[in-house]
Amino acid sequence: MADKAAVAALFKFFDDDDSQGLTLEELKAGMITVGSHITDTEVNAFFEKYDTDKNGIIDFKEFLALCMDLNNNESERAVAQLFQAVDKNGDKTLSNEEVRVGIANYTGKPLDDKELNDLIKQLDIDGDGEISYAEFTNSLLVKITLAVGGNK
């Protein structure tokens with residue numbers, strides 16, 4: 001399942017020490033990396049909510065649960081806004097270059113060719129080489145990024 005792979009990729013990205021769990025500090029650092037303007041209080045509340053076993057670590061299962069909870073109207077609006085911001089030519093699909101520039105603008109980190117191709121493979125469900133609005137809105141990766149990165 002591409003969405004589970006996307007969640008796993010984001011989890012691994014946040015898990016700096018490869019411990020298979022996210023500490024509060026790793027979650028904060030990950031949020032900063034994806035361009036979040038979330039406060040310490042908000043990060044702490046977010047961590048408390050999803051650290052369901054209260055062991056001080058968000059494991060992959062808890063992170064996956066977080067992702068499943070993101071299917072709400074607020075996240076849908078945020079996804080639509082992000083898509084419009086990335087779709088520079090307004091054709092309702094995202095080219096590789098639009099994705100590359102959009103991710104770099106949103107996260108502050110440029111993507112290399114391998115990262116871009118991996119991301120396109122995860123998002124491009126029909127394999128046509130472009131990301132449609134439906135493919136984009138159905139991606140847990142996008143919803144997770146918005147949840148941890150805030151709505152820009």
Side-chain angles (χ1 to χ4, degrees), residues 1-88 92 94 96 98-112 114-125 131-152:
M1 176 178 180
D3 284 340
K4 190 170 183 181
V7 173
L10 190 63
F11 183 82
K12 185 174 180 173
F13 178 73
F14 275 37
D15 186 16
D16 286 334
D17 62 3
D18 293 321
S19 66
Q20 306 301 310
L22 303 179
T23 64
L24 179 59
E25 287 70 32
E26 286 173 319
L27 186 61
K28 284 180 184 179
M31 290 178 168
I32 290 167
T33 301
V34 297
S36 173
H37 300 288
I38 194 166
T39 67
D40 280 349
T41 302
E42 291 168 326
V43 174
N44 290 336
F46 190 73
F47 191 87
E48 282 293 316
K49 179 178 179 181
Y50 291 102
D51 180 19
T52 56
D53 61 8
K54 305 300 180 205
N55 69 349
I57 301 289
I58 292 180
D59 61 27
F60 181 71
K61 201 162 121 180
E62 290 165 332
F63 195 71
L64 190 58
L66 169 160
C67 300
M68 297 303 169
D69 286 345
L70 296 176
N71 293 320
N72 61 43
N73 289 335
E74 186 177 322
S75 69
E76 288 174 23
R77 278 193 305 275
V79 169
Q81 290 172 342
L82 180 59
F83 186 89
Q84 286 178 329
V86 174
D87 184 20
K88 294 298 183 192
K92 306 282 188 243
L94 303 179
N96 286 11
E98 285 174 320
V99 172
R100 181 189 304 272
V101 171
I103 294 294
N105 288 342
Y106 188 78
T107 66
K109 289 171 129 180
L111 290 177
D112 64 31
K114 182 184 180 329
E115 291 170 325
L116 177 65
N117 289 335
D118 289 348
L119 182 60
I120 296 294
K121 282 180 192 172
Q122 290 176 13
L123 297 175
D124 185 17
I125 296 166
I131 310 305
S132 69
Y133 182 74
E135 289 168 328
F136 191 81
T137 58
N138 287 326
S139 171
L140 279 178
L141 178 62
V142 172
K143 292 175 185 176
I144 296 163
T145 302
L146 286 168
V148 299
N151 299 337
K152 283 189 137 188

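For D87 (side chain) and K92 (main-chain N/O), a donor-acceptor pair under 3.5 Å exists by modelled atom type. Between the E62 side chain and the D59 main chain, a donor and an acceptor come within less than 3.5 Å of each other. E135 places a side-chain N or O within donor-acceptor distance of the main-chain N or O of I125, the cut-off being under 3.5 Å. Side chain of D51 to backbone of F47: no donor-acceptor contact under 3.5 angstrom is found.
Tested against L111 for a side-chain contact (heavy atoms from CB on, under 4.5 Å), the candidates N96, I120, L116, V101 yield a single pass: L116. Among D17, D16, L22, the single residue meeting the side-chain contact (heavy atoms from CB on, under 4.5 Å) criterion with S19 is D17.
Contact check for R100 versus L119: no side-chain heavy atoms found under the 4.5 Å cut-off.
Nearest approach of F60 to F11, heavy atoms of both residues: N-CZ, 3.6 Å. Here the closest heavy-atom approach between residue P110 and residue A104 is recorded as CA-CB, 4.0 Å. Closest approach of K88 to E98, counting heavy atoms only: N-OE2, 3.0 Å. Of all heavy-atom pairs between I58 and Y50, the closest is CD1-CB, 4.2 Å.
The neighbour count for K54 NZ, taken as heavy atoms of other residues, nucleotides or ligands under 6.0 Å away, is above 12.
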Side chain to side chain contact (heavy atoms under 4.5 Å, CB included) evaluation trace for I57 with Q20:
CA-CA 9 Å; I57 301 289; Q20 306 301 310; over 6 Å; no
